[in-house]
Amino acid sequence: MDKPTAWEKILEHLKSRIDERDFETWFRDTKQRHETPEVISVQVRAPLYVSWISENFASQISESAQLAGLGGREIRFGADGDASSTVAAAKGPALVRKKAGALNPAYTFENFVTGNSNRLAHAAALRVAEHGTRQYNPLFVCGGAGLGKTHLMHAIGHRRLSRQPGDKVVYLTSETFVNEVVLGVRFNRMEAVRQRLRAADILLLDDVQFVIGKEASENELFNTFNALYDDGHQIVFSSDVLPREIPGLNERLKSRFEGGLIVDIQPPELETRVAILRQKAEARQIALDDDVSFFLALKIKTNVRQLAGYFERVAIFSEMRGEPISLDLAKEALKDVLRDAEQTASPAEIIRAVGAHWGLKPTELKARTKKEQIVFPRQVAMYVLKETTSLSLPEIGRLFGDKHHTTALYSIRKIAARREEDSEFNRLVTGFISQYR
């Protein structure tokens, strides 16, 4: 058997860190062209893949490279026989900073499509960007993956700089924040890290839930928050769950996360999904008929990033064929991914998706533990399985370390009661059910 290439080793870790359909769309046909001790060159299908992969999967690739023992390599993506034409990734933490340290020019308020699902979040972000307000400090934006949280974070930064060019805007992913703390401690540079963060007029920290559980980073976040807040500087967090649902969140950070305004983004309704597709088509100067727009919007219901990915796949297929986009061409371009998407979700997929929402692996949900940060997501997974599959209570129990069927029943009743009491939680569970029913 041939020895796996460096890129193949990275892909093995990447598979578990992004959506399966995203992996099939963007990475299935990639291959390593050559490698040196400093650089891994990767061939992709078309030039558009280079920018899309760099903009949307930089942090996941960086993490996968680190796990594969290749974090010190530079990763270059290229197409059309010229891997050096575009450098889409850099080594180690710099891969993240390419996306995180500079604001993405595509993520502006002008390019953000609003609908009932995100109107409040958009309005709050706009208010913070243009005026800043103690009442909205911190602004905490929560919502599932791919719904536009990162877009809003970058849009806030762009608008603030356009209104007040002298302001210092700092945007960081949680991974970058943790990396900076780790490197600051390792090389005795924490004071420089603190000074940079606390000099920010507005700090934008994306996916803050991933900082929790890392003690040194939690402490720095707490102290940075206090310093910025006391000086009247704006703080914006994003997370895929509400503060009270972040596993392991301590009370002192919880009180600060909840001390300003919390807004959530829900999966977009059909009209908003169609509007998003039309906007992307206009930006690319592509003619997109209504039947194609509605076909794509009806296939992808819960993830804006995935919706955009499907559109890009169709657009690239159209360019390769030299044909305008039609309904038949769209179906042909997506036949592989849609075949997979339309199959009934397996219990394993549902467990993985629910666990991922809380940053947990399936093995953690199935572990014999009574820790609340594990038990509660496990109960949600049991409930969603009951609502979306024909599994019996004993069968559901066996999926979670041979739990007794009475445990499954108790969990399902508890989640049903919580849905009645908590409208935000009800929307979350409804989203899971609609995705897999």
Side-chain angles (χ1 to χ4, degrees), residues 51-52 54-56 58 98-173 200-208 228 233-240 260-286 288 293 297 302-309 311-312:
S51 58
W52 184 265
S54 178
E55 290 173 6
N56 292 278
K98 188 177 195 314
K99 181 182 177 184
L103 298 172
N104 188 325
Y107 289 169
T108 65
F109 283 114
E110 290 74 17
N111 293 336
F112 189 85
V113 177
T114 58
N116 292 332
S117 58
N118 59 24
R119 201 177 306 280
L120 177 60
H122 174 269
L126 193 60
R127 176 71 182 273
V128 163
E130 294 187 342
H131 305 290
T133 168
R134 194 78 171 184
Q135 185 181 4
Y136 291 3
N137 200 17
L139 175 64
F140 195 101
V141 183
C142 62
L147 296 183
K149 301 187 301 297
T150 296
H151 190 142
L152 279 182
M153 300 279 275
H154 285 257
I156 290 171
H158 283 301
R159 183 60 62 91
R160 174 62 69 92
L161 288 173
S162 71
R163 294 299 179 93
Q164 297 170 231
D167 275 7
K168 181 176 176 58
V169 174
V170 176
Y171 168 83
L172 296 171
T173 65
D201 294 291
I202 180 166
L203 174 65
L204 307 159
L205 185 55
D206 214 351
D207 284 325
V208 70
L228 291 172
H233 296 173
Q234 181 70 50
I235 307 151
V236 183
F237 296 117
S238 82
S239 171
D240 56 7
L261 177 68
I262 299 174
V263 292
D264 71 335
I265 302 178
Q266 293 297 316
E269 60 278 4
L270 176 64
E271 293 80 5
T272 301
R273 300 197 301 273
V274 170
I276 290 169
L277 288 167
R278 288 173 176 166
Q279 183 202 63
K280 291 189 175 298
E282 289 174 6
R284 293 272 303 277
Q285 297 183 325
I286 293 174
L288 195 66
S293 298
T302 60
N303 189 313
V304 174
R305 188 182 301 125
Q306 191 177 68
L307 181 66
F311 170 74
E312 290 294 334

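One is the number of the first residue; the rest follow in order along the sequence. Bear in mind the structure is a predicted one, so any value in this text is a computation, not a measurement.
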Min side-chain heavy-atom separation N116-T272 under 4.5 Å:
no

side-chain contact (heavy atoms from CB on, under 4.5 Å), paired with I202, selected from D167, L228, V169:
V169

Rounded to the nearest 0.5 Å, the NE2 atom of H131 sits from the CZ atom of R160 at a distance of 10.0 Å

Using modelled atom types only, decide if a donor and an acceptor are shared between the side chain of D201 and the backbone of K168 within a distance under 3.5 Å.
yes

In Å, rounded to the nearest 0.5 Å, how long is the span from NE2 of H151 to CG of N111?
5.5 Å

Ring-plane angle category for F112 and H122, please: parallel below 30°, perpendicular beyond 60°, tilted otherwise.
parallel

Nearest heavy-atom neighbours spanning L139 and A124
CD1-CB, 3.9 Å

Quick one: pull up CD1 in I265 and CZ in R119 and give me the separation to the nearest 0.5 Å.
13.0 Å

Report the C-alpha separation of L152 and F109 in whole Å, then their side-chain angles, then the decisive distance to 0.1 Å, and conclude whether the side-chain contact (heavy atoms from CB on, under 4.5 Å) test is met.
CA-CA 7 Å; L152 279 182; F109 283 114; 3.9 Å; yes

Any side-chain heavy atom of N118 sitting closer than 4.5 Å to one from L147?
no

Salt bridge (charged side-chain N to carboxylate O under 4.0 Å, His left out) involving D264 - partner list, sequence neighbours excluded:
R427

For A297 versus L270, what's the shortest heavy-atom pair and its separation?
CB-CD1, 3.6 Å

Kindly give the heavy-atom pair with the smallest separation between S293 and V274, and that separation in Å.
CB-CG1, 4.1 Å

Looking at every heavy atom in both S117 and P268, which two are closest together, and how far apart are they?
OG-CA, 3.4 Å

Interatomic distance, H154 atom NE2 to Y171 atom OH [nearest 0.5 angstrom]:
3.5 Å

Minimum side-chain heavy-atom gap F311-I276 below 4.5 Å:
no

State plainly whether the residues R159 and E110 are in salt-bridge range, i.e. N to O under 4.0 Å.
yes

With Y136, which of V236, L261, I235 fulfils side-chain contact (heavy atoms from CB on, under 4.5 Å)?
L261

Once salt bridge (charged side-chain N to carboxylate O under 4.0 Å, His left out) is applied, do any residues pair with R278, and if so which ones, sequence neighbours excluded?
D290

Do L103 and L161 come close enough that some side-chain heavy atom pair is under 4.5 Å?
yes

CZ-CG distance between F237 and D207, expressed to the nearest 0.5 angstrom
12.5 Å

Measure from the side-chain N and O atoms of K149 to the backbone N and O of G143, and report whether any donor-acceptor pair falls under 3.5 Å.
yes

Can you measure from CG (D206) to CE (M153) and round to the nearest 0.5 angstrom?
4.5 Å

Hey, are the side chains of V113 and V304 touching, using non-hydrogen atoms and a 4.5 Å cut-off?
no

Do any N or O atoms from the side chain of H233 and from the backbone of A200 form a donor-acceptor pair under 3.5 angstrom?
yes

K280/E312 salt bridge by N-O under 4.0 Å criterion:
no

